[in-house]
Amino acid sequence: MPLIIVRNDITKMNVDAIVNAANSSLLGGGGVDGAIHRAAGPGLLEECRTLGGCRTGEAKLTRGYDLPAKYVIHTVGPIWRGGGFGEEEKLISCYKNSLAIAKEKGCETVAFPLISAGVYGYPKAEALRIAEETAAKFLEENDITVYLVIFDKASFDIGLGRFSEICEYIDDRYADERAESSISQRRRYEADYAAQAQCDAVNAARPAAMPVPKPEKKRKKSIFSRKEKAEQLMAEPILMEEARDEAFGGAMPESMAGAEFPDIRKTLDDLLDESFTEMLLRKIDEKGMTDAECYKKANIDRKLFSKIRSDRLYKPSKPTVLAFAIALELSLAETRNMLMKAGFALSHASKADIIVEYFIERRNYNIFEINEALFAFDQALLGA
Ligand code: AR6
């Protein structure tokens with residue numbers, strides 16, 4: 001199950017449990033602790049008094065009282081003293097112990113603030129990295145949805161530090177976009193919108209339990225013509241290689257150079273006719289991944305993956321396609337091709353697309369880092 005970064009006040013989160021960044025007395029304080037006590041009402045403090053405090057790195061459970069959340073898990077983060085006093089291990093323990101309690105109580109959804117990243121002075125980017133890594137590790141084995149709730153915009157000041165390079169990259173690409181003819185820009189916007197609308201309509205019309213449709217001879221018309229698809233395939237040497245490898249089981253014999261290749265044409269035809277689901281499953285096999293490895297790396301919900309798997313003609317959303325492209329570590333050309341299968345295109349008119357392109361170009365396929373950047377620029381996250 002996924003890890004989702006959201007911007008919110010944690011006291012408003014409608015989840016099974018929220019985590020409180022408390023102090024060792026557990027008797028309330030400022031920051032998120034104060035906000036949680038105010039929103040939960042006096043019953044929370046009364047119960048906290050019975051707990052006998054909590055040591056740094058450990059966690060204790062109470063009810064949620066007037067909060068939308070059923071439980072509050074109180075944990076005590078380390079005070080930042082420069083990094084040489086075991087702060088990282090203690091912070092990891094906070095997340096691990098809180099998640100263990102959430103699991104024990106059967107929670108399906110749990111929301112964390114950035115523990116220690118306020119009054120306790122832990123550097124925010126580091127605090128976020130630890131939160132993500134620890135949660136992601138836990139999610140490899142457990143079916144819970146974890147929300148990381150970011151409250152203050154300052155933690156994601158995009159003009160500064162780690163996002164400044166992405167800022168420049170976006171600025172350069174937007175410049176490209178302005179140079180592009182308005183007709184081709186409009187064509188691309190329209191293609192994306194049409195595909196998204198079609199995707200929503202098709203998915204809405206198909207109930208979850210409906211049997212998998214038999215492969216049809218003629219599928220719904222794609223927004224791309226067959227000629228456009230073929231041109232795109234031909235423009236991608238990697239696919240030509242794929243086709244050649246599939247036809248010849250390896251390198252093409254030299255003696256056949258320049259000859260007519262009906263087998264290649266047949267394989268290209270097969271690739272053209274392949275649906276998004278078929279392409280996804282083929283790529284997972286080719287990468288030697290298991291389904292679970294792929295959807296977890298894509299930060300995709302297991303239920304969504306089985307829906308896609310059982311429906312040959314499933315129409316995914318654009319962030320879902322991109323999440324799989326990242327999990328499969330596809331190149332830009334392959335990513336474009338996978339998007340095309342679902343009727344989308346990468347566009348420099350979209351900040352989100354440029355950000356994803358930035359990471360793919362650098363072969364950085366860490367979906368959480370990509371989502372942090374998307375989050376910082378107020379864009380929809382991948383997967384989840
Ligand atoms: N929702 C989500 N996040 C919040 C909220 C909120 N309503 N309010 C603040 N944050 P802090 P700490 C973020 O200081 O560093 C208390 O007095 C905030 O922006 O609350 O672990 C305790 O009693 C920051 O990113 O907790 C302790 O004495 C993060 O929550 C001490 O502070 C944590 O900031 C604990 O310090």
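Remember, it's 1-based here, ligands and their atoms both numbered in the order they're listed.
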Open item on the list: Polar contacts were defined as any N/O atom of the residue lying under 3.5 Å from an N/O atom of the ligand; does this apply to V32 and ligand 1?
Closed with: yes
Open item on the list: Can you confirm, on distance only, whether ligand 1 has an N/O atom lying under 3.5 Å from any N/O atom belonging to V119?
Closed with: yes
Task: Heteroatom proximity flag, V149 to ligand 1, N/O under 3.5 Å - done: no
Task: Option whose closest heavy atom lies nearest to atom 16 (C) of ligand 1, chosen from G30, S24, G34 - done: G30
Open item on the list: Counting C-beta onward and ignoring hydrogens, is there a side-chain heavy-atom pair between K287 and C294 closer than 4.5 Å?
Closed with: no
TODO: Check whether NZ of the Lys or CZ of the Arg R302 lies under 6.0 Å from the centre of the six-membered ring of F305 and within 45 degrees of that ring's axis.
DONE: no
Open item on the list: Regarding ligand 1, does I10 bring an N or O atom to under 3.5 Å of one of the ligand's N or O atoms?
Closed with: yes
TODO: Could you tell me which atoms of ligand 1, counted from 1 in the order shown, lie closer than 4.0 angstrom to a heavy atom of D33?
DONE: 22 (C), 23 (O)
- [ ] For the pair E369 (side chain) and N364 (backbone), establish whether a donor and an acceptor sit closer than 3.5 Å, ignoring hydrogens and angles.
- [x] no
Task: Ligand-residue contact atoms, ligand 1 with K124, heavy atoms, under 4.0 Å - done: 25 (O)
Task: For P123, all residues meeting side chain to side chain contact (heavy atoms under 4.5 Å, CB included), sequence neighbours excluded - done: W80, E126
Open item on the list: Contact between ligand 1 and S116 is defined here as a heavy atom of the residue under 4.0 Å from a ligand atom; is it met?
Closed with: yes
Open item on the list: With a 4.0 Å cut-off on N to O distance, would you call E47 and K60 a salt bridge?
Closed with: no
Task: Ligand-residue contact atoms, ligand 1 with G31, heavy atoms, under 4.0 Å - done: 20 (O)
- [ ] Report, in ascending order of atom number, the atoms of ligand 1 lying under 4.0 Å from any heavy atom of A117.
- [x] 15 (O), 25 (O)
Task: Donor + acceptor pair across side chains of S317, T320 (<3.5 Å) - done: yes
Open item on the list: Can you tell whether the side chains of E293 and K297 come within less than 4.0 Å, N to carboxylate O?
Closed with: no
Task: Test of proximity, D9 against ligand 1: N or O pairs below 3.5 Å - done: yes
TODO: Below 4.0 angstrom from a heavy atom of A21, which ligand 1 atoms are there? Numbered from 1 as shown, please.
DONE: 21 (O), 22 (C), 26 (O), 35 (C)
Task: Counterpart residues, side chain to side chain contact (heavy atoms under 4.5 Å, CB included), relative to R362 (two or more places apart) - done: E165, Y169, Y358
